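These numbers were taken from a predicted model, which means no experiment stands behind them. Every number for a ligand or one of its atoms is a count from 1 in the order of the listing.
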Amino acid sequence: MKRALVLVDLQNDFMPSGRLPVPKGDEVLPIAQELMRGFELVVATQDWHPPDHLSFAAQHPGKQPGETIELEGLAQVLWPEHCVQGSPGAELAGGLDFGPVKAIFRKGTDRNVDSYSAFFGNGRRQTTGLQFFLSGLGATEVYVLGLALDYCVKATALDARALGFETRVFRAACRAVNACAGDDERALEEMSAAGIEIR
Ligand SMILES: [Zn+2]
C-alpha cells in the first residue's frame with residue numbers, strides 16, 4: 001500500500017487576504033506542513049484560471065458572485081475573480097514550505113470549464129492526469145486536505161474514491177466556504193456516505 005497526500009488549492013487567493021477568502025483558510029497551513037512530513041508522495045493542486053474564466057461573475061453582465069448559471073450544460077456557481085494564471089493570488093500560499101511537493105496539477109485552465117476536483121474538470125470531460133500520476137507511482141491510498149472543504153476538497157475526495165483509491169480526508173486541515181450554513185457538515189456526510197474516511 002502506498003499513500004499519497006493531495007494538497008488542494010493552498011493558494012494566496014483563498015487565504016484571508018486573498019480575492020476569494022475561505023474563512024480561516026490560513027489555519028490549515030501549519031497543519032498541512034506537519035502532515036506533509038508523514039508522506040513520501042505529496043502533490044498539490046493549483047486553481048489556475050485565464051483572466052476571462054467563465055466561473056468569474058464579472059464575465060456575466062448583471063450577475064453577482066454566488067449566483068448560479070448554466071455553463072456548457074452544467075450548473076456553475078459564479079465566483080469573484082481569483083487565481084488568475086501568473087498572478088500573486090494564484091501562487092501557492094506564502095509561508096508554507098512546498099519543498100516536499102513532487103508535482104503540481106493545475107486545474108480550471110480552460111475558459112469554459114471550471115474544475116473543483118484535482119482529477120477532472122467539472123462534468124469529467126477533461127482529466128488533469130493526477131489519476132495516472134498517482135497510480136503510475138503505485139499509490140493506492142489518497143489523503144486529502146485543503147480548501148475549500150465544501151467544493152474542491154469534496155470533489156477531489158469523491159473522485160479519488162470513485163477511481164478506486166482508499167480515500168481519507170484530514171478534517172482539521174480543511175476549511176469550508178459555507179455559502180449556506182451547514183455546507184461543511186453536508187459535505188462531510190456526502191463523503192462519508194461514499195466510503196471516504198474522515199479523520
Ligand atoms: Zn476557481
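Less than 6.0 angstrom separates the ring centroid of Phe105 from the ring centroid of Phe133.
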**Prompt:** Between Asp159 and Ser117, does a side chain to side chain donor-acceptor pair (under 3.5 Å) hold up when you go through it step by step?
**Reply:** CA-CA 7 Å; Asp159 277 345; Ser117 166; 2.7 Å; yes
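Centred on the Zn ion (ligand 1), the NE2 atom of His49 and the NE2 atom of His82 lie at an angle of 100°, reported to 10°.
We find that Glu141 and Lys2 are not joined by a salt bridge, their nearest charged nitrogen and carboxylate oxygen being 4.0 Å or further apart. Look at Asp150 and Arg186 and you find no salt bridge, because none of the NZ, NE, NH1 or NH2 atoms lies under 4.0 Å from a carboxylate O.
The nearest N, O or S atom of His53 is not closer to the Zn ion (ligand 1) than 2.8 Å. Residue Cys83: no N/O/S atom is found under 2.8 Å from the Zn ion (ligand 1).
The nearest N/O/S atom of Asp47 to the Zn ion (ligand 1) is OD2.
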